[in-house]
Amino acid sequence: MTKVSMKVNGKAVSRDVPDNTLLVDFLREQLRLTGTHVGCDTTQCGACVVHVNGKSIKSCTQLAVSLAGAEVTTIEGIANGADLHPMQVAFNDHHGLQCGFCTPGMIMTGIDMVNRYQAQGRELTEEAIRFELEGNICRCTGYHNIVKAIDAAAQQMSGMAKAAE
Amino acid sequence: MYQTKYHKAASFDDAVAALGAAEDGKYLAGGQTLLATMKQRLAAPTDLVDLRGIDGMVGISVDGDSVTIGAATTHAEVASNAALRAVIPVLCDLAVLIGDPAVRHMGTIGGSLANNDPAADYPAAVLGLNGTVITNQREIPADEYFEGLFTTALDEGEIIKAVRFPKPRRAAYQKFPNPASRFALVGVLVADTGDGPRVAVTGAGSDGVFRAEALEEALAGGFSAASLEGASVDSDGLMGDIHATPEYRAHLIGVLARRGVAAAG
Ligand SMILES: Cc1cc2nc3c(=O)[nH]c(=O)nc-3n(C[C@H](O)[C@H](O)[C@H](O)COP(=O)(O)OP(=O)(O)OC[C@H]3O[C@@H](n4cnc5c(N)ncnc54)[C@H](O)[C@@H]3O)c2cc1C
Ligand code: FES
Ligand code: FES
């Protein structure tokens, strides 16, 4: 057992866990943050994507002990009270989900790509969105509405970034 | 995943000592290969020694016509580094094709080279650009580093610290991804270097990454796609599996090499 302390969705947390605990199990089993899903055994599906120190990672393929002191954001941490994040609103508006299993990972990946492209001053084209979704698998939607939702959220988020300047 | 004991190494000596004291230890970097393998119970190290916290393991430095990339530098950092793009853009173009964004945020160049998967991308870069693998013990030239499938010149417990690349006159990487895994079904890096043309092929060789000498000889007559007309790669020694026969891989190597030379300009 090792004591692991990190910040999750802005709150300091600390738990004694076996060293082989994956971040996703730390989040789901220890913190009961069950919005982050596990869809595969092979690091391929992206249902488990969260942000660690501002970057998207697959939480099923990182040890919790290696993330001592990290800042982690999960799907539970992106809304502002009752106000959903623009990416969540866009998935709703554009019917970007059916069963919803892949959705938390899609949304965390979507936010990460929009942030990165904006920071680098690059245009997030439809082709770029599809390229960036390489590591997120959806069994239901056929992806078109996910791409539309991310595109709409990107417009919204860039408007917000400009307004904040 | 089986039980394991995690160590965070503070220095190279610390890492070597922790590995030496372990019953069956392994170094850990991004974990995008090792943890994935441990989840499948295909590996069960008693101890993991994390190298990412060691000073000097992360970062990209440009020194005139040579670039040094720390072993724990992630694929995402290599893909987006502006100073690197100004000197050896092919490394950025190659790194952005590895896996997906989340894998690129964690996976490292050192982990990829230590692992030496026969379908990985970085081995083609190191061999094609004539890079040097710098370890805690010595410097290993590319031509001596890759020894076979998942096998390298690294000794037990040896740590990759960094990789140094000389700037080529021009170079390009062309990847034909496996439609399911997105690893290279065939990947070809062509480079026009001060010491002549180099063509490195990943994804295709039964012994892992290799130099396509027939294509290098053809390019010695002039670094252009036209020089490659009529030159071909023998399918003997190439991998065959449900995705592609050796003959198909041999054909793809020629196609990708011509595209690469054209793209390198
Ligand atoms: C979904 C998915 C898709 C992928 N697609 C691709 C792809 O298209 N192309 C590609 O090339 N790769 C691909 N990869 C593999 C990825 O690039 C890995 O990041 C990389 O192979 C290993 O790097 P790592 O830092 O994660 O190493 P780890 O998994 O931590 O370690 C790998 C091995 O290297 C050893 N090691 C690590 N660092 C060092 C060091 N500095 N010195 C000595 N030994 C060391 C470890 O002991 C271990 O044996 C993919 C992986 C996944 C999960
Ligand atoms: S559960 Fe993490 S990638 Fe599938
Ligand atoms: S909505 Fe069902 S898996 Fe994507």
Side-chain angles (χ1 to χ4, degrees), chain A residues 1-2 4 17-25 38 40-70 105-106 108-117 119-122 128-137, chain B residues 1-9 22 25-53 72 74-77 79-82 85 92 96-107 111 177-183:
Chain A
M1 291 282 204
T2 300
V4 177
V17 291
D19 285 7
N20 66 352
T21 306
L22 297 166
L23 175 60
V24 71
D25 294 325
V38 176
C40 73
D41 274 336
T42 49
T43 318
Q44 279 169 314
C45 75
C48 64
V49 169
V50 301
H51 297 177
V52 170
N53 299 328
K55 292 185 176 131
S56 62
I57 72 152
K58 291 178 167 174
S59 62
C60 71
T61 310
Q62 208 54 219
L63 297 178
V65 275
S66 73
L67 297 172
M106 289 288 177
M108 298 312 282
T109 297
I111 295 173
D112 173 76
M113 76 174 82
V114 172
N115 287 345
R116 261 187 300 118
Y117 276 65
Q120 294 169 4
R122 291 160 67 199
I129 295 172
R130 290 181 186 276
F131 175 75
E132 292 287 332
L133 284 175
E134 176 71 51
N136 291 78
I137 293 173
Chain B
M1 189 191 292
Y2 292 108
Q3 279 298 347
T4 190
K5 175 101 196 75
Y6 175 85
H7 310 257
K8 184 145 202 154
K26 269 207 166 285
Y27 292 131
L28 174 71
Q32 301 303 288
T33 294
L34 183 51
L35 292 175
T37 318
M38 288 171 67
K39 290 203 302 179
Q40 311 274 352
R41 298 193 165 181
L42 295 171
T46 56
D47 296 70
L48 289 175
V49 181
D50 195 335
L51 302 172
R52 290 172 289 182
T74 62
H75 309 328
E77 288 166 298
S80 64
N81 187 280
R85 179 162 286 285
C92 310
V96 82
L97 299 177
I98 299 175
D100 58 60
V103 167
R104 290 195 289 275
H105 279 145
M106 274 294 163
N178 176 313
S181 77
R182 315 306 282 177
F183 271 86

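The shown structure was predicted, so the numbers you read here are calculated from the model rather than taken from an experiment. Each chain gets a letter, A, B and so on, in the order the sequences are listed, and its residues count up from 1.
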Test side chain to side chain contact (heavy atoms under 4.5 Å, CB included) applied to A:Ser66 - qualifying residues, sequence neighbours left out
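Partners of A:Ser66 under the side chain to side chain contact (heavy atoms under 4.5 Å, CB included) test: A:Gln62, A:Leu63, B:Tyr6, B:Asp50, B:Arg52.
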Suppose we screen for side chain to side chain contact (heavy atoms under 4.5 Å, CB included). Which residues come up paired with A:Asn20, at least two apart in sequence or across chains?
A:Pro18, B:Met1, B:Gln3, B:Thr4
Would you mind checking which part of [X] comes under 4.5 Å of any heavy atom in chain A, side chain (CB onward), backbone (N, CA, C, O), both or neither?
| X | result |
| --- | --- |
| B:Lys8 | side chain |
| B:Ser80 | side chain |
| B:Leu34 | neither |
| B:Gln32 | both |

Given A:Lys55, which partner from the list B:Arg104, B:Met106, B:His105 fulfils the side chain to side chain contact (heavy atoms under 4.5 Å, CB included) test?
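Filter result, single survivor: B:His105.
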Based on non-hydrogen pairs under 4.5 Å, which of A:Gln120, A:Met113, A:Arg116 is most in contact with chain B?
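With the most close heavy-atom pairs to chain B, the winner is A:Arg116.
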Going from CD on A:Gln44 to CZ on B:Arg182, what distance comes out if it is rounded to the nearest 0.5 angstrom?
11.5 Å
More than 12 non-hydrogen atoms from neighbouring residues, nucleotides or ligands closer than 6.0 Å to NZ on B:Lys5, yes or no?
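Yes, the 6.0 Å shell around NZ holds more than 12 heavy atoms from other groups.
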Select one option (side chain, backbone, both, neither) describing which atoms of A:Asp112 are under 4.5 Å from chain B's heavy atoms.
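Side chain of A:Asp112 only, per the 4.5 Å heavy-atom cut-off to chain B.
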Quick check: do A:Thr43 and B:Lys39 have side-chain heavy atoms less than 4.5 Å from each other?
yes
Checking the side chain of A:Glu134 only, and the main-chain atoms of B:Pro101 only, is there a donor and an acceptor separated by less than 3.5 Å?
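No, A:Glu134 side chain to B:Pro101 backbone: no donor-acceptor pair under 3.5 Å.
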